[in-house]
Protein chains: 2
Amino acid sequence: MSTKSFYQDRRIRKSKAALKESLIAIMKEKDFKEISITDIVQTADLNRGTFYKHYQYKEELLEEAIDDVIKDLIDSYREPYQGVEVLIINKLSSSTIKIFDHVEKYSNFYSLLVKSNVLFELQKRICDELKKLVLQDITNQPLQHNINANLIASYQANAIWGMISEWIQSEFIYSAAYMAEQLLAILHLNSAKNTYRET
Amino acid sequence: MSTKSFYQDRRIRKSKAALKESLIAIMKEKDFKEISITDIVQTADLNRGTFYKHYQYKEELLEEAIDDVIKDLIDSYREPYQGVEVLIINKLSSSTIKIFDHVEKYSNFYSLLVKSNVLFELQKRICDELKKLVLQDITNQPLQHNINANLIASYQANAIWGMISEWIQSEFIYSAAYMAEQLLAILHLNSAKNTYRET
DNA sequence: GAACTTATTGCACATCTGTTCAATAGGACT
DNA sequence: AGTCCTATTGAACAGATGTGCAATAAGTTC
């Protein structure tokens with residue numbers, strides 16, 4: 001095995017990279033739905049046939065650009081998980097703290113997506129991934145009160161995304177640390193309310 | 001004021017209704033991004049110019065179709081709010097119970113949107129609306145612990161949407177009552193965990 | 001380096017898109 | 001009823017779209 005034969009052909013890599021880069025550049029000026037394939041290949045200085053060789057819709061191209069970001073998100077979530085055996089609330093918070101760091105790292109890309117209306121693709125995929133991760137936590141620590149695992153996983157995944165999306169739309173006026181602090185405060189607030197109610 | 005002059009011209013109403021109906025019908029067979037304006041006007045039996053007279057993109061047409069659903073959502077949320085002066089957790093839960101009823105009522109439409117990739121528009125608008133409603137609750141009842149109102153509002157809005165979206169993707173195998181019950185259980189679970197941790 | 005493989009190119013094509021225009025039909029108001 | 005107003009229509013247009021194909025350039029493998 002002399003060469004990197006399991007990698008893609010260098011021409012493909014270059015073409016795809018140029019297409020992604022062009023799409024992202026154009027998205028800074030135009031709304032996604034107004035961007036044409038011709039726009040993309042002209043900016044990338046490629047033939048239109050090259051685009052259609054690899055993708056069918058511009059949506060597919062964007063998905064691929066998102067893939068790298070999602071990979072980093074998952075890494076960020078998993079990082080603080082090193083054989084910790086504490087309560088779920090602590091796991092959740094320490095994990096999500098790292099996620100806020102990840103979002104801050106890609107804040108340009110996230111802002112771009114939120115501004116354009118393609119947010120949905122990102123949103124859906126992020127929540128799906130977060131849900132999977134939360135589900136893994138839950139299966140290790142069985143649930144009380146007949147809680148539906150899928151529902152609580154979606155609940156928590158989307159709740160966190162809600163804070164993230166709020167943060168992005170505020171143009172990142174808060175620090176990642178503040179975001180993490182706020183998440184903890186919200187969780188404790190729920191506890192306080194419920195405790196108050198039950199006395 | 002003899003006639004309904006504040007209503008739209010009957011021709012416009014008919015054209016728009018036909019376009020919306022056609023779009024929704026086509027969406028049951030095709031992916032949204034593959035639907036052309038020509039598809040829509042042919043199904044609606046209208047001239048292409050008529051579409052462009054009222055809309056610029058098919059996305060706008062869909063947005064308008066969503067508007068009716070959003071209106072009902074807001075009504076559903078507000079309905080159980082009749083001068084109740086209880087704790088936030090009770091307000092939240094009784095309100096969201098009505099929201100589950102609303103989603104069940106429009107389950108066909110919701111399923112359609114979730115299946116197609118236009119979910120984002122619905123998702124964004126629903127979360128925006130829920131957030132506004134939660135914010136109104138919060139301002140009436142000042143926050144402890146320096147909680148950021150926008151963040152907790154987005155947190156809760158998206159958390160609830162997470163459950164809703166999970167429900168839709170399960171093809172509504174649960175009843176609305178079960179969904180409401182689950183929300184309460186999740187909130188109590190948070191309380192239990194935190195209480196346990198603080199002792 | 002030579003032989004093999006395949007991505008990219010440029011061109012051509014039918015179809016679709018978004019827009020204009022004058023003509024007509026339909027609705028609003030007195 | 002009649003008058004005014006404007007939504008809809010059909011046709012026509014330049015430009016964009018998605019798809020082929022043979023020629024060429026570039027990468028891979030030995």
Side-chain angles (χ1 to χ4, degrees), chain A residues 1-65 67 116-118 121, chain B residues 1-27 29-65 67-68 116-118 121:
Chain A
M1 43 172 285
S2 54
T3 52
K4 40 232 154 146
S5 55
F6 35 87
Y7 283 153
Q8 272 180 324
D9 190 309
R10 181 190 297 153
R11 289 170 295 182
I12 300 180
R13 285 203 312 272
K14 284 188 177 176
S15 293
K16 286 191 167 187
L19 289 170
K20 283 181 214 170
E21 200 184 331
S22 303
L23 175 62
I24 291 172
I26 301 171
M27 279 174 66
K28 288 176 182 163
E29 288 154 17
K30 270 196 203 178
D31 207 41
F32 182 77
K33 62 172 166 292
E34 294 183 75
I35 298 174
S36 67
I37 310 298
T38 305
D39 286 340
I40 298 170
V41 293
Q42 270 177 1
T43 308
D45 193 29
L46 289 172
N47 190 277
R48 212 207 342 281
T50 303
F51 176 92
Y52 286 110
K53 177 88 194 219
H54 301 297
Y55 310 100
Q56 200 175 171
Y57 314 102
K58 53 182 175 175
E59 282 84 356
E60 285 180 43
L61 177 59
L62 182 67
E63 266 185 62
E64 223 177 79
D67 280 341
S116 74
N117 279 347
V118 203
E121 177 65 28
Chain B
M1 46 170 282
S2 55
T3 52
K4 41 233 152 144
S5 54
F6 36 88
Y7 283 153
Q8 272 180 326
D9 191 308
R10 182 190 297 153
R11 290 169 293 180
I12 299 180
R13 285 204 312 272
K14 284 187 178 176
S15 294
K16 285 190 169 188
L19 289 171
K20 282 181 214 170
E21 201 183 331
S22 302
L23 175 62
I24 291 172
I26 301 171
M27 279 174 67
E29 289 154 15
K30 270 196 202 181
D31 206 42
F32 183 76
K33 64 170 164 288
E34 293 182 76
I35 298 174
S36 67
I37 310 298
T38 306
D39 286 339
I40 298 170
V41 294
Q42 270 177 2
T43 308
D45 194 29
L46 289 172
N47 189 277
R48 212 209 337 283
T50 303
F51 175 92
Y52 286 109
K53 178 87 195 217
H54 301 298
Y55 310 100
Q56 199 175 171
Y57 313 103
K58 54 183 175 174
E59 283 85 356
E60 285 181 43
L61 176 60
L62 182 68
E63 265 185 63
E64 222 177 80
D67 281 340
D68 311 329
S116 75
N117 281 346
V118 204
E121 178 63 28

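Worth saying up front: this structure is predicted, and the values here are computed from it rather than measured. Lettering of chains follows the sequences in order, A, B, ..., and the numbering in each one begins at 1.
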Could you write out each protein N or O paired with an N or O of nucleotides 23-26 of chain D at a distance under 3.5 Å?
| residue | atom | partner | partner atom | Å |
| --- | --- | --- | --- | --- |
| D:dA26 | N3 | A:R11 | NH1 | 2.8 |

Show each protein N/O and nucleotides 12-16 of chain C N/O combination with a separation under 3.5 Å, one pair to a line.
none

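Scanning for salt bridge (Lys or Arg N to Asp or Glu O under 4.0 Å) contacts around A:E64 gives A:K16, A:K20, with sequence neighbours left out. When the salt bridge (Lys or Arg N to Asp or Glu O under 4.0 Å) test is applied to B:K58, no partner is found at least two apart in sequence or on another chain. Annotation: side chain to side chain contact (heavy atoms under 4.5 Å, CB included) contacts of A:A18 (sequence neighbours excluded): A:A44, A:L46.
Both B:Q56 and A:D45 lie near DNA chain C, and the one whose nearest nucleotide falls closer to the 5' end is A:D45. Summary of the strand contacts: B:D39 and A:K14 both lie near DNA chain C, and taking for each the nucleotide with the nearest heavy atom, the more 5' one is attributed to A:K14.
OP1 or OP2 of C:dT9 lies within a sub-4.0 Å distance of a side-chain N or O belonging to A:T50. Dashed line: the shortest gap from a side-chain N or O of B:H54 to OP1 or OP2 of D:dA7 is not under 4.0 Å.
Under the salt bridge (Lys or Arg N to Asp or Glu O under 4.0 Å) criterion, the residue pairs touching residues 39-49 of chain A are A:K30-A:D39, with sequence neighbours excluded.
Under 3.5 Å, the side chain of A:D9 and the base of D:dG27 form no donor-acceptor pair of N or O atoms.
Results of the side-chain contact (heavy atoms from CB on, under 4.5 Å) test with B:I35 over B:I26, B:L62, B:T43 single out B:I26 as the only residue that passes.
The separation between A:Q8 atom CD and C:dT5 atom C1' is 16 Å, rounded to whole Å. We find that NZ of B:K53 is positioned 14 Å from C1' of C:dG27, with the value rounded to whole Å. The NZ atom of B:K16 sits 9 Å away from the P atom of D:dT8 (whole-angstrom rounding). The CD-P distance, from A:E34 to C:dT19, rounds to 10 Å in whole Å. Between the CG atom of B:L46 and the C1' atom of C:dG26 there is a distance of 14 Å, given to the nearest Å. One interatomic measurement links the two molecules: NZ of A:K58 to C1' of D:dA16, which rounds to 12 Å at whole-angstrom precision. Across the protein-nucleic acid pair, A:Q42 atom CD and D:dG15 atom C1' stand 12 Å apart, rounded to whole Å. A:I12 places its CD1 atom 16 Å from the P atom of C:dT5, with the value rounded to the nearest Å.
Here the side chains of A:I37 and A:Y55 are not in contact, with every heavy-atom distance at 4.5 Å or above. In this structure, B:V41 and B:L19 have side chains that are in contact, with non-hydrogen atoms separated by less than 4.5 Å.
No more than 12 heavy atoms of other residues, nucleotides or ligands shown are found within 6.0 angstrom of CD on B:E21.
One distance of note links CZ of A:R10 with NZ of A:K14; it measures 6.0 Å at 0.5 Å rounding.
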